[in-house]
Amino acid sequence: MFNLILFGPPGSGKGTQSEKLIAKYGLKHLSTGDLLRSEISGQTPLGMAVKSLMAEGKLVPDEIVIEMIDTALDNNPQVNGFLFDGFPRTTSQAEALDKLLAQKGTSIAVVLALQVGKEELIKRLLNRGRTSERSDDVNEEVIASRINEYEKKTAAVADHYKKYGKVEYVKGEGSIDEIFEMLCEKIDAKKIA
Ligand code: B4P
C-alpha cells in the first residue's frame, strides 16, 4: 500500500491536486472536508453538530474526524493506498492515523506539503466563494479564522512527520499542471526509493 498525505493551508490546492493524483496513481481519496460537507447536506445528526463550527472556520473536534476516517479505512480494505486530503489537521489526529494504519500493517509513505503565501490563499478562497455554495469561503473574517486555525493547530502536523523524515515541500503557486508535475516527481522518487 502507498499512503500519502496532501498537506497545506486552506486554499493551497489540496482538493484540486487530489483529483489529479488519485486519477494517476489509483489511490482512494479521503477528504475529511468532503465527508463532513456530505454529512451536512444529508442533514445527519453529525452534519448538524458540525455545521456551525465549519461555517465559522473552526476545526471540528478530533474524535469526530478520527471516527470518520476509521470507518472509511474499514470500508475500503482492497485499495492500492489512500490519499488523505485535509486530514490530519492536529497532532492528535496524526497520532491516531499512525495507529490506525499500523493496525492494518501499513503507514504513511510521504507527506506532500504545499506552500502558498497568505495573500494568494485569501484571494483563491474569496474567488471560489463567488461561485461555490461553500459558506466558509464567503467572507474574509471566516477565511482569516481558517488560516488562524491552520497556524495554531495544523502546522504542527508537519513537525510530527518531519521527525520521521516524511515531509516533502512543494511550491503551491503557479499553474495547476506545473504543481501537479512537482508532486508527481516527489511521489515517484518515494516509490522508487
Ligand atoms: P477542507 O474541505 O479541507 O478545505 P480547505 O482546507 O479550505 O481546502 P480545499 O481543499 O477545499 O481547497 P483547495 O486548496 O483545493 O476543509 C473545510 C473545513 O472542514 C475546515 O475549515 C474544517 O472546519 C473542516 N475540517 C475538514 N477536515 C478537518 C479535520 N481533519 N479536522 C477538523 N476539521 C476539519 O482550493 C481552493 C481554491 O483555490 C479553489 O477554488 C481552487 O480552484 C483554487 N486553486 C487551487 N490551485 C490553484 C492554483 N494553482 N492557482 C490558482 N488557484 C488555485
Side-chain angles (χ1 to χ4, degrees), residues 5-22 29-41 46-73 82-98 100 111-158 160 170-183:
I5 295 172
L6 195 51
F7 183 77
S12 55
K14 302 184 296 288
T16 308
Q17 296 295 336
S18 290
E19 294 302 327
K20 294 171 74 72
L21 291 170
I22 54 164
H29 185 198
L30 289 184
S31 157
T32 40
D34 288 350
L35 291 169
L36 291 166
R37 280 185 289 276
S38 108
E39 296 282 344
I40 292 174
S41 60
L46 193 156
M48 294 303 99
V50 301
K51 189 175 176 179
S52 61
L53 279 174
M54 287 178 70
E56 287 166 25
K58 299 273 182 287
L59 289 184
V60 165
D62 286 340
E63 313 79 73
I64 293 182
V65 278
I66 292 166
E67 174 73 31
M68 265 183 3
I69 289 290
D70 191 6
T71 306
L73 294 179
F82 292 97
L83 187 162
F84 297 96
D85 162 9
F87 179 88
R89 258 181 158 95
T90 62
T91 307
S92 302
Q93 291 181 20
E95 286 164 354
L97 176 63
D98 294 346
L100 289 172
V111 177
L112 298 170
L114 290 165
Q115 295 185 294
V116 177
K118 220 185 224 182
E119 264 180 43
E120 172 72 10
L121 297 175
I122 296 169
K123 194 175 88 188
R124 286 184 190 179
L125 294 172
L126 284 174
N127 216 9
R128 182 169 61 186
R130 286 188 202 107
T131 51
S132 85
E133 309 249 300
R134 279 184 58 165
S135 58
D136 56 348
D137 283 342
V138 285
N139 74 57
E140 229 171 307
E141 207 181 304
V142 172
I143 291 172
S145 155
R146 288 160 67 191
I147 295 175
N148 188 40
E149 287 279 85
Y150 172 82
E151 287 169 349
K152 264 187 4 215
K153 300 174 185 166
T154 307
V157 170
H160 171 83
V170 170
K171 186 166 179 263
E173 295 186 47
S175 81
I176 288 171
D177 285 340
E178 277 164 10
I179 298 163
F180 177 63
E181 283 308 315
M182 289 191 280
L183 291 169

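Ligands are counted one by one from 1 in listed order, and the atoms in each one are counted from 1 as well. All figures in this text were calculated on a predicted structure; none of them were measured in a lab.
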Identify the closest protein heavy atom to [atom]: which residue and atom is it, and at what distance?
{"atom": "atom 10 (O) of ligand 1", "answer": "Gly15 N, 3.0 Å"}
{"atom": "atom 1 (P) of ligand 1", "answer": "Arg89 NH2, 3.8 Å"}
{"atom": "atom 27 (N) of ligand 1", "answer": "Thr32 OG1, 2.7 Å"}
{"atom": "atom 12 (O) of ligand 1", "answer": "Arg128 NH1, 3.3 Å"}
{"atom": "atom 18 (C) of ligand 1", "answer": "Met54 CE, 3.8 Å"}
{"atom": "atom 49 (N) of ligand 1", "answer": "Gly174 O, 3.1 Å"}
{"atom": "atom 45 (C) of ligand 1", "answer": "Thr16 OG1, 3.2 Å"}

Judging by distance only, is a nitrogen or oxygen of [X] under 3.5 angstrom from one on ligand 1?
{"X": "Ile179", "value": "no"}
{"X": "Lys14", "value": "yes"}
{"X": "Gln93", "value": "yes"}
{"X": "Ser175", "value": "no"}
{"X": "Pro9", "value": "no"}
{"X": "Gly13", "value": "yes"}
{"X": "Asp34", "value": "no"}
{"X": "Pro88", "value": "no"}
{"X": "Val60", "value": "yes"}

Give a yes or no on whether a salt bridge exists between Arg124 and Glu120, defined as a side-chain N under 4.0 angstrom from a carboxylate O. yes

| Are any of the side-chain nitrogens in Asp137 or Arg146 under 4.0 Å away from the carboxylate oxygens of its partner? | yes

Which of the numbered atoms in ligand 1 are under 4.0 angstrom from any heavy atom belonging to [X]?
{"X": "Arg134", "result": "2 (O), 4 (O), 7 (O), 11 (O), 17 (C)"}
{"X": "Arg37", "result": "2 (O), 17 (C)"}
{"X": "Ser12", "result": "14 (O)"}
{"X": "Gly33", "result": "2 (O), 26 (C), 27 (N)"}
{"X": "Lys58", "result": "22 (C), 23 (O)"}
{"X": "Gly86", "result": "27 (N), 28 (C), 29 (C), 30 (N)"}

(message) Would Lys118 and Glu151 count as a salt bridge (charged side-chain N to carboxylate O under 4.0 Å, His left out) here? Give the steps.
(response) CA-CA 11 Å; Lys118 220 185 224 182; Glu151 287 169 349; 3.6 Å; yes

Does the side chain of [Y] come within less than 4.5 Å of [X]'s, by heavy atoms?
{"X": "Val65", "Y": "Arg89", "result": "no"}
{"X": "His29", "Y": "Asp34", "result": "yes"}
{"X": "Ile143", "Y": "Pro10", "result": "no"}
{"X": "Leu114", "Y": "Leu183", "result": "yes"}
{"X": "Lys171", "Y": "Ile179", "result": "no"}
{"X": "Ile5", "Y": "Leu83", "result": "no"}
{"X": "Ser38", "Y": "Leu35", "result": "no"}

Short version for Leu36: what comes under 4.0 Å of ligand 1, heavy atoms counted, is side chain

Checking heavy atoms under 4.0 Å, the part of Asp136 that sits near ligand 1 is side chain

- Query: Do His160 and Asp98 have side-chain atoms, one donor and one acceptor, less than 3.5 Å apart?
  - Reply: yes

Taking every heavy atom of Ile40 against every heavy atom of Lys51, the minimum-distance pair comes out as CD1-CA, 3.8 Å

On a heavy-atom basis, the closest approach of Val157 and Ala94 is CG1-CB, 4.4 Å

Judged by heavy atoms only, the candidate from Lys171, Arg124, Arg146 nearest atom 50 (N) of ligand 1 is Arg124

Worksheet entry | Residues Lys14, Asp85; criterion salt bridge (charged side-chain N to carboxylate O under 4.0 Å, His left out); working and verdict | CA-CA 6 Å; Lys14 302 184 296 288; Asp85 162 9; 5.3 Å; no

Separation between CG (Asp136) and OG (Ser145), nearest 0.5 Å, reads 9.5 Å

